[in-house]
Amino acid sequence: MKTLILALALAAFSASAAPTVFTNANGYTSTDDGIVQFESLVVGDDGRILAIYAGLPEEVYAGAQVVDLDGATVLPGMTDAHAHLLGLGALRTQLDLFGIDSLETAVSMIGDFAAANPGSGWVQGRGWNQVLWESNEFPTAADIDRVVSDRPVWLRRVDGHAGWANSKALELAGIDNDTPDPIGGKILRDENGKATGTLIDKAMYMVTAKVPPPTKEEIRAAYLAAFADVNSQGITGVHDAGISKEHAEVLISMADDSEISIRFYGMVSGAGENLDAIGKPIVAYGNDRLDIRSVKLYQDGALGSRGAAMLKPYSDDPENRGLPFWTADELYEKVAKADSMGFQVGIHAIGDKGNRMCLDAFDKVQDGEPSDKRHRIEHSQIVSLDDIQRFAELGIVASMQPVHATSDKNMAEDRVGPERIKGGYAWRKMLNEGVVLASGSDFPVELVNPFHGLYAAISRMDRGGMPAGGWYPEEALNRAEALHSFTLAAAWAAHQEERLGSLEAGKWADFIVVDRDSFEVDVSDIDDTVVLQTWVGGNKVYDRADNE
Ligand SMILES: [Zn+2]
């Protein structure tokens, strides 16, 4: 009887299990054996790939639905191996004042945004820049009060170093004529000593401390906005570099409700309370949309602000070597804890000392051998030439962001000088040693677009084509290596290479259709690639035709 029920169930399943055959594709995928080209892609109705073919399908797929791609280029969906989805989501769900060129326009946008988002809660936004306005003066609380006076408004300046509050926000922050300037900050005041509404640097905390943490609904809305945004740019997977226990709860419920339109790979913030609450790795949850099996630590700061920990002083600041966040023992304890709980660890390290301290900690935890945890160093920006082979020996993933090199190039060389820069953004040296190189963008620090990353990886030039021929062009990747770093290598860096990262039988049908062949066009055209369609698990999650 049992057998009969099973047979009936299988019959019912196969009757509805018509595959989809995508034909006339100009398809490319990275594989373990290099790039494979294909013309047909067959996807089962469970969303997994049944086969790819160099020409027409060699098997008959009864009842198959056929999609003619008319020669369009197909690539695996891109994975961003280091990014911040909630930061992106906040940009998409808060008021965006980037590039607004008059105070009047900004004020009317604030009024419209508040009306469109009713309630008594905070109105938040960012991106204003008074230099673009005729007055060229910092804005005032009174400007906002004209349109929103009954609820607090807080808007960060384009550079994040100033904020613009209305009177309600100033009142909630307790700022009046008698409030002194905090150390490291300034409350702008009129001739009577009254706060005008613009707060500089540390004075911003007086307001931000009063902004309630986002509700679960707001977190969910920010994730949804970010998922839609990245899907529209050809991304099907993101390694999110920092989630809290509250974020994890929201993500699990979103996965339960089929609301995650990417492969979300979460890195837990820190080895403390978030990790304790989450407890154990989450793998392939919610139809393989959610993994939380990594822990994000920080070992130093950034190069621009000279917070990156260097073995020797900065070339342009001889008294300063930056500062490691943790001692060697502290870092080891954190890595060992996360490792023993079954988590991968990804440590932010920018300077050569920061990177070395991470390698030392991994070395000790792994007894000098590669580990099945596949630990990573996030950014791996300035690495001592002596340490590059240690990445390979210990099996440490170099999680790097190609656009950082072309954005930072002048500043980076000022900071570390001509010798140490040889181990800077050194993708080729990493690959030559056999290191797994996973690429990302670090959005919203940089733009989301993975084709900007591919272009930077291949050209070592910024989008303006500078410097001609590339910055330390010997570190550039070829086109196949660059695609690999955004697809199969990124999947490997997330323990997902069996299910994601390439278009091969048995893996999920996560792929994109684009307007040009990034293996054939001029290098300078790669960054202008337009994504036409994005498919995740055999479902179309973005179609440019619907958005024109
Ligand atoms: Zn980051």
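Computation of the quantities below employed the complete heavy-atom set of this structure, encompassing side-chain atoms and omitting hydrogens, waters and symmetry-equivalent molecules. Both ligands and their constituent atoms are indexed starting at 1 by order of listing.
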*Answer yes or no for His348: is there an N/O/S atom below the 2.8 Å cut-off from the Zn ion (ligand 1)?*
no
*Could you check which N/O/S atom of Asp442 is closest to the Zn ion (ligand 1)?*
OD1
*asked:* Return the CG to CZ distance between Leu97 and Arg126, rounded to the nearest 0.5 Å.
replied: 10.5 Å
*Pairs in or reaching into residues 202-211: which pass side chain to side chain donor-acceptor pair (under 3.5 Å), with residues at least two apart or in two chains?*
none
*Glu475/Lys429 salt bridge by N-O under 4.0 Å criterion*: yes
_Assess whether a salt bridge exists between Asp387 and Lys353, defined as any Lys/Arg side-chain N lying under 4.0 Å from an Asp/Glu carboxylate O._
no
*Quick check: does His82 have an N/O/S atom under 2.8 Å of the Zn ion (ligand 1)?*
yes
